[in-house]
Trainee: 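Okay, here's the structure, questions in a sec.
Below, all heavy atoms of this structure are taken into account, side chains as well, without hydrogens, waters or symmetry copies. So you know, we letter chains A, B, ... as the sequences are listed, proteins then strands, and number each from 1.
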Amino acid sequence: MNGGTLPGMDDAHGPADSGPDRVVFHVDMDCFYASCERLREPELRGEPLVVGMGYEPGETAGAVATASYEAREFGVESAMPISEALELLPRRAGAGEGTGCEATDDGKEPGTGGTETGRYRPVDLEFYESVASEVKAVLHDCADVVREVSIDEAYLDVTDRTAWDAVDAGNGSDPDGDDGPAPSTAAGPADARTVAEGYARHVKDRIEREAGVPASVGVAPNMSAAKVASDADKPDGLVVVPPGTVASFLAPLPTAALHGVGPVTERTLADIGIETAGDVAEADAETLVAALGDRGRLLSRRARGEDDREVTPRGLPKSLSRESSLPATADEATKRETVATLAADVARRARDRGCLYRTIGIKAVEPPFDVNTRARSLPGPVDDPSLVESVALDLLDEFADARVRKLGVRVSKLDFAAGDQATLGGFAEEDTDGEPTAGGETDRPDGAPTGTRPKGEERERMTLADWAEADVETGLDDAARHDEESEDERPDGQASLGDWSS
DNA sequence: TCTGGGGTCCTAGGACCC
DNA sequence: TCTGGGGTCCTAGGACCC
């Protein structure tokens with residue numbers, strides 16, 4: 001940072017963040033699923049492509065997971081029903097295609113447009129994961145700290161790998177260089193090329209070369225600005241927001257461009273005359289708090305370019321869930337069967353990941369879109385598929401007469417017991433060693449079998465009934481320990497409020 | 001908009017404890 | 001017994017993100 005800025009050059013954000021300027025990258029893969037499909041099926045390149053799930057030809061269910069930019073040109077959006085999306089796309093002239101994968105249609109005449117043809121491919125997560133792991137390999141190679149946010153997105157702290165120093169390669173970096181290389185894509189003072197920009201380009205190029213898929217990268221002194229920057233010039237973008245320019249970079253953007261502002265918040269802000277990030281930054285913080293609660297304060301800081309969250313690797317998951325849509329039905333057998341299947345699925349995933357859970361819940365969505373959730377906590381953490389099923393079914397009873405269009409099962413209050421860490425990903429085969437676990441016993445009040453997974457040696461073979469009887473003491477100890485753990489993760493109260501971008 | 005699936009975090013009210 | 005304050009845990013719902 002020394003030498004980077006002249007004294008008094010700090011604009012907008014006064015002495016607030018006087019710490020050393022960090023260099024944060026936000027890497028966001030461009031329409032990742034579609035890019036993956038094109039990787040293994042190059043014919044799809046350049047064509048409007050929709051990747052979705054839950055769709056069978058002739059059905060109306062199913063939603064768009066990802067649309068290629070070509071498809072977006074036709075108005076296709078994420079989460080749109082597949083059938084609707086396919087309506088928007090040009091038709092394949094030859095129609096037919098036994099696969100049912102092309103956007104053909106019987107009722108309409110073939111697309112008049114040129115050679116473009118709308119395509120549909122079903123989501124193939126396994127394949128995307130394999131591509132993603134190649135991307136992550138590059139990221140981890142390029143940064144000391146990587147926070148993987150999702151399959152197609154990550155933050156990198158590369159402060160120790162690069163710098164904000166200006167690159168004055170050859171002639172003075174003047175905007176006059178019309179004949180020179182294309183101007184930096186950097187928003188803000190694009191004339192000031194930085195070393196960080198070069199490094200970001202390197203990372204971006206490596207991803208494309210080694211994983212075969214395109215990415216957009218945002219470069220900024222903090223996470224939230226980097227996030228917005230990566231979004232600012234998609235696809236294939238590289239936007240650099242040097243220190244001191246964050247607030248001015250954000251100012252003209254609509255509030256919805258800020259991470260954490262969705263349709264509801266956008267609307268709420270619009271109602272009080274706030275349309276842009278700049279408006280947010282200028283607004284009285286108390287006004288924002290009055291409208292949005294504590295999030296208002298946070299939003300205010302973000303809009304002013306203040307965000308001192310450190311980039312940290314993502315921890316273990318907090319919950320696991322499975323849900324599925326079905327044609328709206330009140331039929332009890334159907335509902336119970338669905339929930340039982342989901343329960344088994346969730347329990348299996350939990351076991352695969354080596355985690356215990358203490359809360360089991362369900363979700364029942366009634367038309368048009370009333371989301372109901374119910375949950376029940378157990379006295380202690382367990383790994384017990386049959387218990388997941390019985391509790392889930394029990395909770396479902398409340399909706400015995402309800403018409404539902406979607407059902408879900410969730411486990412939470414997860415516990416990745418220390419002893420099982422080593423076998424993460426598969427202790428199922430080994431840990432059920434010899435011991436006829438309590439699985440067969442039916443000593444619980446409701447007769448459900450108990451298969452409590454021991455957390456440590458001393459808890460071997462403890463059953464749920466044991467838990468219930470065992471003095472509150474045990475439970476309290478457990479609860480207390482958990483509290484300490486989560487406290488430790490948040491050094492200050494601020495962080496617990498502020499960590500939206502997990 | 002007649003909304004898919006998997007997550008995270010926050011809030012509010014009630015129960016319970018001291 | 002009409003009554004204070006603080007704290008935690010639990011559940012349900014909501015907003016948001018990809």
Side-chain angles (χ1 to χ4, degrees), chain A residues 26 28-33 50-55 59-66 75-85 122-123 125 128 132 148-154 224 227 230-231 256 258-268 292-296 298-299 314-328 342 345-346 349 358-379 395 398 405-414 472 475-476 478-480 482-483 486-487 489-490 495-502:
Chain A
H26 180 255
D28 202 339
M29 308 305 296
D30 302 321
C31 55
F32 185 59
Y33 294 0
V50 168
V51 180
M53 59 188 104
Y55 174 77
E59 279 185 14
T60 55
V64 175
T66 302
V76 174
E77 290 171 10
S78 187
M80 175 181 279
I82 305 268
S83 49
E84 189 182 334
V123 166
L125 264 186
Y128 309 153
E148 298 175 11
V149 177
S150 68
I151 191 172
D152 66 347
E153 202 187 317
S224 75
K227 164 79 181 166
S230 73
D231 238 10
L258 295 171
H259 194 46
V261 176
V264 177
T265 306
E266 181 182 22
R267 184 72 230 149
T268 305
L292 302 172
D294 272 330
R295 291 177 52 239
L298 213 54
L299 202 56
R314 215 153 74 115
L316 296 162
K318 305 260 192 300
S319 68
L320 297 173
S321 66
R322 205 80 170 176
E323 60 187 63
S324 105
S325 294
L326 55 167
L342 296 169
D345 236 42
V346 168
R349 276 205 295 152
R358 207 162 80 72
T359 298
I360 298 165
I362 64 160
K363 171 156 116 176
V365 181
E366 299 179 72
F369 206 70
D370 289 332
V371 179
N372 302 279
T373 61
R374 295 294 179 272
R376 185 177 301 160
S377 289
L378 309 168
L395 294 170
E398 187 182 334
R405 56 187 303 277
K406 179 188 272 198
L407 290 166
V409 174
R410 188 169 89 114
V411 294
S412 54
K413 291 207 172 43
L414 304 186
V472 214
L476 283 181
D478 206 49
H482 282 267
D483 278 347
S486 38
E487 283 291 313
E489 282 170 8
R490 0 186 116 136
S496 71
L497 289 175
D499 194 18
W500 313 342
S501 68
S502 48

Trainee: Specify the residue among A:Ser78 and A:Arg349 whose closest nucleotide of DNA chain B lies further upstream toward the 5′ end.
Mentor: A:Ser78
Trainee: Can you sort out the partners of A:Arg405 under side chain to side chain donor-acceptor pair (under 3.5 Å), two or more places apart, ordered by chain and number?
Mentor: none
Trainee: Side-chain donor-acceptor pair under 3.5 Å between A:Thr265 and A:Arg295, yes or no?
Mentor: yes
Trainee: Taking only the side-chain nitrogens and oxygens of A:Thr66, find out if one of them lies under 4.0 Å from OP1 or OP2 of C:dC18.
Mentor: no
Trainee: Does C:dT11 have OP1 or OP2 under 4.0 Å away from a side-chain N or O of A:Arg376?
Mentor: no
Trainee: Establish, with yes or no, whether the OP1 or OP2 oxygen of B:dG6 is under 4.0 angstrom from a side-chain nitrogen or oxygen of A:Ser321.
Mentor: no
Trainee: Distance check needed: B:dG7 P versus A:Lys413 NZ, whole Å only.
Mentor: 17 Å
Trainee: So, is A:Ser319 close to the B:dG7 phosphate, meaning a side-chain N or O under 4.0 Å from OP1 or OP2?
Mentor: no
Trainee: Can you tell me how far P in C:dC18 sits from the matching atom in B:dT3, rounded to whole Å?
Mentor: 23 Å
Trainee: In whole Å, I'd like the distance from the CG atom of A:Leu407 to the P atom of B:dG4.
Mentor: 13 Å
Trainee: Apply ring-ring contact (aromatic ring centres under 6.0 Å, His included) to A:Tyr128 and list each qualifying residue two or more places apart in sequence or on a separate chain.
Mentor: A:Tyr33
Trainee: Under 3.5 Å for both distances, Watson-Crick or G-U wobble, that's the pair rule; now give the dot-bracket for DNA chain C, with | marking pairs to another strand and [ ] for crossing ones.
Mentor: ....||||||||||||||
Trainee: For a quick check of understanding: with a heavy-atom distance under 4.0 Å over all strands, which category does A:Ala79 fall into, base, sugar-phosphate or nothing?
Mentor: base
Trainee: Pull out every protein N or O sitting under 3.5 Å from an N or O of nucleotides 15-17 of chain C, one pair per line with the distance.
Mentor:
from, atom 1, to, atom 2, distance (Å)
C:dC16, OP1, A:Gly262, N, 3.0
C:dC16, OP1, A:Gly262, O, 3.3
C:dC16, OP1, A:Thr265, N, 2.6
C:dC16, OP1, A:Thr265, OG1, 2.3
C:dC16, OP2, A:Val264, N, 2.9
C:dC16, O5', A:Gly262, N, 3.4
C:dC17, OP1, A:Gly260, N, 2.8
C:dC17, OP1, A:Val261, N, 3.2
C:dC17, OP1, A:Val261, O, 3.3

Trainee: Is any side-chain N or O of A:Arg374 closer than 4.0 Å to OP1 or OP2 of C:dT11?
Mentor: no
Trainee: Only counting residues at least two apart or in another chain, list the ones meeting side chain to side chain donor-acceptor pair (under 3.5 Å) with A:Ser321.
Mentor: none
Trainee: Quick one: list whatever passes side-chain contact (heavy atoms from CB on, under 4.5 Å) with A:Ser224, sequence neighbours left out.
Mentor: A:Asn222, A:Arg302, A:Asp307, A:Arg309
